[in-house]
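Both counts, for ligands and for their atoms, begin at 1 and track the order of listing. Count residues from 1 along the sequence.
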Amino acid sequence: MKAILCKEFGGPEKLVFGDTLDPVPGPKQILIAVEACGVNFPDVLIIQNKYQFKPELPFSPGGEVAGSVISLGSEVTNFQIGQQVLALCGWGGFAEKVAVDANRVFALPSGLPPEIAATTLYTYGTSYHALKDRANLQPEETLLVLGAAGGVGLAAVELGKLMGAKVIAAASSEEKLALCQEKGADLTINYEMEDLKSRIKELTGGKGVDVVYDPVGGKYTESAVRSMAWKGRYLIVGFANGEIPQIPMNLPLLKGCSIIGVFWGQFSTLEAKASFQNTQQLMEWIQVGKIRQHIGRSYSLEEAPEALQAILDRKMLGKGVVMI
Ligand SMILES: NC(=O)c1ccc[n+]([C@@H]2O[C@H](COP(=O)([O-])OP(=O)(O)OC[C@H]3O[C@@H](n4cnc5c(N)ncnc54)[C@H](OP(=O)(O)O)[C@@H]3O)[C@@H](O)[C@H]2O)c1
């Protein structure tokens, strides 16, 4: 089969497009003909050997796919050959076929195009778990989203509005902020042009924000922690900026606020039932049009390294998808 292969760790320029052997599904796995694969930040980390999962070389990146079932492992009984599915494979998705554990495969809701299905679970799953299960976001609360036009950020903007919050979107360009407004953001901050802390103070009348959703880290984090309202919840989601911030521990004391870790992958493993319920809720919202992924750009399989470069260059709007 054709695939994008990581034969040595490094940037997207080290990836090669070529032929490799078809994967063979284990007894509890499903072999999927990939039609679309979502592009996610961990794809950039995994090819540089900087992610928590470290597959053996050579491997294909690409952690989230939609496609049809080609064959079933001997112990899999709840899917059928030819059925349309979406799946969380971790890696292996930038390829014509991928073998995935059956408990990470979901029936595709009818009428959902593969490019939407393959770009949904990871971003909305993370943001819904963060806002609902970790922050307990309430209607009328103020939610600040950093990196708000990125994959998980834009999902947080949309879900925050759906949950009744007032959403402040922060991002690095006017084009990105315009997209956030299209998705419902009430207020915006260009954190490359404006001082984050003083702008939050201005927008909240000095009260600060109730919940911060932070997938970026780096220099923005301390300013945002200093802008929390009393009893606020600060969600640590990721460090797209590359720098893990160090926060003075007197700040949560003074604000009476909580700093809360979000690890959706672990949640979906350790609390599989609750995670499945979240997924069902998200699928319902997608089917009735309450949430809809913004696809910034589609790429062919051969172009997949360009998609990863766009993530590194902060050029991706919403989500990228690789169509196979
Ligand atoms: N904890 C979890 O369970 C979980 C789940 C999913 C993702 N994550 C993490 O969340 C982060 C975001 O993931 P994503 O898929 O949303 O990525 P993404 O689509 O690339 O968005 C990341 C955003 O971060 C901002 N950014 C700031 N500095 C950057 C830099 N040096 N390089 C790249 N982006 C930079 C960019 O927005 P501006 O240009 O507007 O600043 C960009 O839109 C990643 O660290 C990922 O690993 C964590």
Are the ring centres of Tyr128 and Trp285 closer than 6.0 Å?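 Between Trp285 and Tyr128, which both carry aromatic rings, the centre distance is below 6.0 Å.
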
How does [X] reach ligand 1, by side chain, by backbone, by both or by neither, if only non-hydrogen atoms under 4.0 Å count?
X: Lys176; answer: side chain
X: Val152; answer: both
X: Asn241; answer: both
X: Phe239; answer: backbone

Could you check whether any heavy atom of Met316 sits closer than 4.0 Å to an atom of ligand 1, since that is the contact criterion I want to use?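 No.
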
Salt bridge check: are Glu306 and Arg297 linked by an N-O gap of less than 4.0 Å?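 So Glu306 pairs with Arg297 through a salt bridge.
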
Charged N to carboxylate O below 4.0 Å: is that the case for Lys166 and Asp186?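 No, no charged N to carboxylate O under 4.0 Å.
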
Under 3.5 Å, N or O to N or O, is [X] touching ligand 1 that way?
X: Ala240; answer: yes
X: Tyr191; answer: yes
X: Ser172; answer: yes
X: Gly151; answer: yes

Starting from atom 14 (P) of ligand 1, what is the nearest protein heavy atom, named by residue and atom, and what distance separates them?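 Scanning the protein heavy atoms, the shortest distance from atom 14 (P) of ligand 1 goes to Phe41 CB, 3.8 Å.
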
Is the cationic atom of Lys273 (NZ for Lys, CZ for Arg) positioned less than 6.0 Å from the six-membered ring centroid of Phe276 and within 45 degrees of its normal?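 Here Lys273 fails the 6.0 Å and 45° test against Phe276.
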
Does Asp43 reach the main-chain N or O of Pro61 with its side chain, forming a donor-acceptor pair under 3.5 Å?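 It does not hold such a pair.
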
Lys255 and Val225: which non-hydrogen atoms are nearest, and at how many Å?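 Residues Lys255 and Val225, closest heavy atoms: CE-O, 4.0 Å.
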
Ignoring hydrogens and angles, state whether a donor on the side chain of Asn136 or Gln138 is under 3.5 Å from an acceptor on the partner side chain.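 Yes - a donor-acceptor pair under 3.5 Å links their side chains.
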
With a cut-off of 4.0 Å, which atoms of ligand 1 are near a heavy atom of [X]?
X: Val237; result: 1 (N), 2 (C), 4 (C), 8 (N), 9 (C), 48 (C)
X: Ala171; result: 40 (O)
X: Val262; result: 1 (N), 2 (C), 3 (O)

Could you check Val237, Thr221, Leu235 and say which one makes a side-chain contact (heavy atoms from CB on, under 4.5 Å) with Asp214?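 Among Val237, Thr221, Leu235, the one meeting side-chain contact (heavy atoms from CB on, under 4.5 Å) with Asp214 is Thr221.
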
